[in-house]
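I have placed the structure first, in the form of C-alpha cells, so that the comments after it can refer back to it.
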Amino acid sequence: MARSKPATLKDVAALANVSRATAARALNNYGYVGDGTARKVQAAAAELGYRSNRLAQALRNGQLPIVGCIVGDIQNPFFARIAHDIEVLARECGHNLVIGSSEEGLGQEVSLLASLRSLSIRGFIVAPTSADNNAHLQGLVAENVPLILIDRVAEGVDCDSVVVDNEGGARKAVEYLIAVGHRRIGLLQDDMRIFTSRERMTGYRTALGAAGIAPDERMIAVSQSTVEHAVDATIRLFSQKTPPTALFTVDSLMTQGALLAFRSMGISIPHNVSLIGFDDFNLATFTDPQITVVSQPVSEIGRAAARLLFDRLSGKTDAPRKVRFETKLIVRGSVSRRG
C-alpha cells in the first residue's frame with residue numbers, strides 16, 4: 001500500500017532503530033557514524049523513499065549563494081544586457097542569480113521582493129518602479145539586507161546605487177536639436193513616477209527654458225515603455241495640425257516605436273522630422289539613416305552594481321556609494337538642420 005505522506009527523517013530513524021540525530025548525520029555526511037549504522041540508515045531511507053530537503057533548509061537559513069535582481073522589463077535590451085552582466089559577475093563570485101521583471105508595476109515589484117525575501121536570498125539589485133513609494137525597499141535597508149539600486153534612485157532609501165546622468169543626457173540631446181534650428185521639439189516619455197522619466201523630462205524642459213522656448217504640452221506624449229504603445233503615442237503626437245519638427249524619445253523601445261509610426265505615416269527621417277533617442281540599440285545603426293542617440297555605458301552599469309553588491313556581501317560597511325556615469329551624444333544621420 002502506497003504511503004499517503006512523504007517519509008520524514010523521524011520515519012527513517014524509527015525503521016533503522018537509531019536516533020534522528022544519527023539518521024541526520026548518516027544522510028547528510030557530517031559528524032561520525034559507524035559504517036554499519038550508516039548502511040542501515042541509508043537502506044531505511046531507500047526503502048521508505050525518503051528525500052532530504054536540504055535545498056529548502058539552506059534557502060531558509062540563507063546559506064545558498066543566490067542573489068536577486070529585479071528590473072523594469074526584461075524585454076528591454078537595456079535591462080537584458082544589465083541582467084546578463086550581473087549574472088556573469090555573480091557566477092565569477094560563486095553565486096547564482098534569480099532574475100525577476102516588475103514590468104514597471106509597483107505591486108509586482110513588491111510581490112517579487114517579498115517572495116524572494118522569503119527564500120532568504122542574500123542580497124538584491126533592483127531598478128525601482130517608483131521614485132516615491134518605497135517602503136518595501138526601506139524595509140530591506142532597515143533589516144541590513146544588501147541592496148543596490150540600479151538605473152534609478154528612490155527617495156528615502158539610503159543604499160548603494162548605480163545610475164547615469166539622465167538629466168544631462170536629455171539636456172544635451174535637446175540642446176543639439178535647438179542648435180540646428182528646431183523650436184517645436186516633441187517628447188515621447190513614460191510614466192513620471194519612474195525616476196529616469198522625471199530626470200529626462202527635467203533635462204528636456206531645462207534645455208527649452210535656456211533657449212527661451214516656452215513649454216508646450218501639445219509637444220509631449222506619454223506612453224508605456226513598449227514598442228506598440230510608442231507607435232500609438234507617436235501617431236497621436238504627429239497627427240496634430242502643427243506637429244513637432246523633431247522628436248526626443250526617452251528609451252530605445254520608444255525610439256523603435258517612433259520609427260515604425262513614422263514609416264506607417266509616410267514621415268521621412270530626417271527630411272520631415274528629426275529624431276534623437278535616449279539609449280543606443282543595435283538597430284540604430286542598421287536603419288537608413290542611422291539614429292542619433294544619447295548613449296549610456298550599459299556594459300559598465302551591471303558590473304558596477306554587481307561589484308557593489310558583492311562588496312557588501314563580503315562585509316564592507318562603509319557609507320552608501322553613489323555611482324553616476326556620464327552619457328554621450330552620438331551624432332548620426334537622423335537630425336537635419338531646420339531653417
Side-chain angles (χ1 to χ4, degrees), residues 58-59 62-106 108-130 134 136-137 140-141 143-154 157-166 194-196 225 251-253 278-282 295-316 318 320-327:
L59 280 169
Q63 295 171 344
L64 282 183
I66 298 178
V67 292
C69 176
I70 298 177
V71 297
D73 182 358
I74 200 65
Q75 296 184 84
N76 186 324
F78 171 77
F79 284 125
R81 173 61 190 272
I82 283 176
H84 169 270
D85 291 344
I86 293 171
E87 196 274 335
V88 168
L89 198 143
R91 207 177 331 123
E92 291 174 0
C93 294
H95 281 63
N96 294 305
L97 179 69
V98 177
I99 302 170
S101 178
S102 68
E103 297 177 14
E104 303 296 6
L106 178 60
Q108 185 152 317
E109 176 183 302
V110 172
S111 177
L112 276 170
L113 267 177
S115 297
L116 295 178
R117 185 74 184 102
S118 70
L119 298 175
S120 296
I121 283 179
R122 302 190 65 205
F124 296 91
I125 296 173
V126 178
T129 60
S130 173
N134 303 305
H136 56 300
L137 299 176
L140 289 179
V141 174
E143 294 172 19
N144 294 316
V145 177
L147 172 65
I148 315 298
L149 299 184
I150 196 165
D151 186 49
R152 309 152 182 186
V153 295
V157 183
D158 191 23
C159 66
D160 299 323
S161 61
V162 181
V163 299
V164 302
D165 182 9
N166 291 286
I194 298 173
F195 171 80
T196 49
S225 183
D251 69 35
S252 64
L253 294 180
F278 202 111
D279 199 17
D280 208 355
F281 61 105
N282 289 338
S295 176
Q296 306 183 74
V298 185
S299 63
E300 299 180 52
I301 294 172
R303 291 201 301 268
R307 283 193 295 267
L308 287 174
L309 179 61
F310 287 105
D311 281 350
R312 294 302 179 190
L313 289 173
S314 70
K316 285 199 175 180
D318 54 334
R321 285 166 284 178
K322 314 295 183 183
V323 177
R324 189 176 79 158
F325 290 108
E326 292 301 314
T327 60

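Counting begins at 1 with the first residue of the sequence.
- Going from atom CD1 of I301 over to atom CD of Q296 covers 5.0 Å, rounded to the nearest 0.5 Å.
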As a quick check of understanding, evaluate side chain to side chain contact (heavy atoms under 4.5 Å, CB included) for I99 and I70, giving each step before the final call. CA-CA 6 Å; I99 302 170; I70 298 177; over 6 Å; no

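- Note on R312 versus D160: salt bridge recorded, some NZ/NE/NH1/NH2 to OD/OE distance being below 4.0 Å.
- Taking CD1 of I150 as the start and CZ of F124 as the end, the distance is 15.0 Å to the nearest 0.5 Å.
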Side chain to side chain contact (heavy atoms under 4.5 Å, CB included) between L149 and F195: does it pass, once the steps are laid out? CA-CA 11 Å; L149 299 184; F195 171 80; over 6 Å; no

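- Residue K316 qualifies as open at atom NZ: its count of foreign heavy atoms under 6.0 Å is 12 or below.
- Listed here is the closest heavy atom pair of S101 and D73: OG-CA, 3.4 Å.
- Here the closest heavy-atom approach between residue S299 and residue R81 is recorded as CB-NH2, 3.2 Å.
- Within the 3.5 Å criterion, the main-chain N or O of I66 finds no donor-acceptor partner in the side chain of R122.
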Going through the distances and angles, do I86 and I125 end up as a side chain to side chain contact (heavy atoms under 4.5 Å, CB included)? CA-CA 9 Å; I86 293 171; I125 296 173; 3.7 Å; yes

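- In this structure, the side chain of H84 does not engage the main chain of I82 through any donor-acceptor pair within 3.5 Å.
- Across every non-hydrogen atom of S252 and D280, the tightest pair is CB-O, 4.4 Å.
- Counting heavy atoms from C-beta outward, F310 and L89 have side chains that approach closer than 4.5 Å.
- Of the possible donor and acceptor atoms, none in the side chain of D311 sits under 3.5 Å from a partner among the backbone N and O of L309.
- When every heavy atom of I121 is checked against every heavy atom of G68, the shortest pair comes out as CG2-N, 3.5 Å.
- With contacts defined as side-chain heavy-atom distances shorter than 4.5 Å, the pair L137/L147 qualifies.
- Taking CG of D279 as the start and CG of N76 as the end, the distance is 7.0 Å to the nearest 0.5 Å.
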T327 vs D165, test: side chain to side chain donor-acceptor pair (under 3.5 Å). Steps then yes/no. CA-CA 6 Å; T327 60; D165 182 9; 5.7 Å; no

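- The shortest non-hydrogen separation linking N166 to F278 is O-CE1, 3.6 Å.
- A donor-acceptor pair under 3.5 Å is formed between the side chain of E109 and the backbone N or O of T129.
- Open room surrounds CG on N282; 12 or fewer heavy atoms of other groups in view lie less than 6.0 Å from it.
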E103/Q75 under side chain to side chain contact (heavy atoms under 4.5 Å, CB included): CA gap, chis, key distance, verdict: CA-CA 9 Å; E103 297 177 14; Q75 296 184 84; over 6 Å; no

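- Using a 4.5 Å cut-off on side-chain heavy atoms (C-beta onward), V164 and P297 make contact.
- Side-chain contact between V98 and V67 is absent, with no heavy atoms from C-beta onward closer than 4.5 Å.
- Taking each heavy atom of S161 and L308 in turn, the nearest pair found is O-CD1, 4.2 Å.
- Between E87 and R303 no salt bridge is recorded (no basic side-chain N to carboxylate O distance below 4.0 Å).
- Side-chain contact between R152 and I194 is present, with heavy atoms from C-beta onward closer than 4.5 Å.
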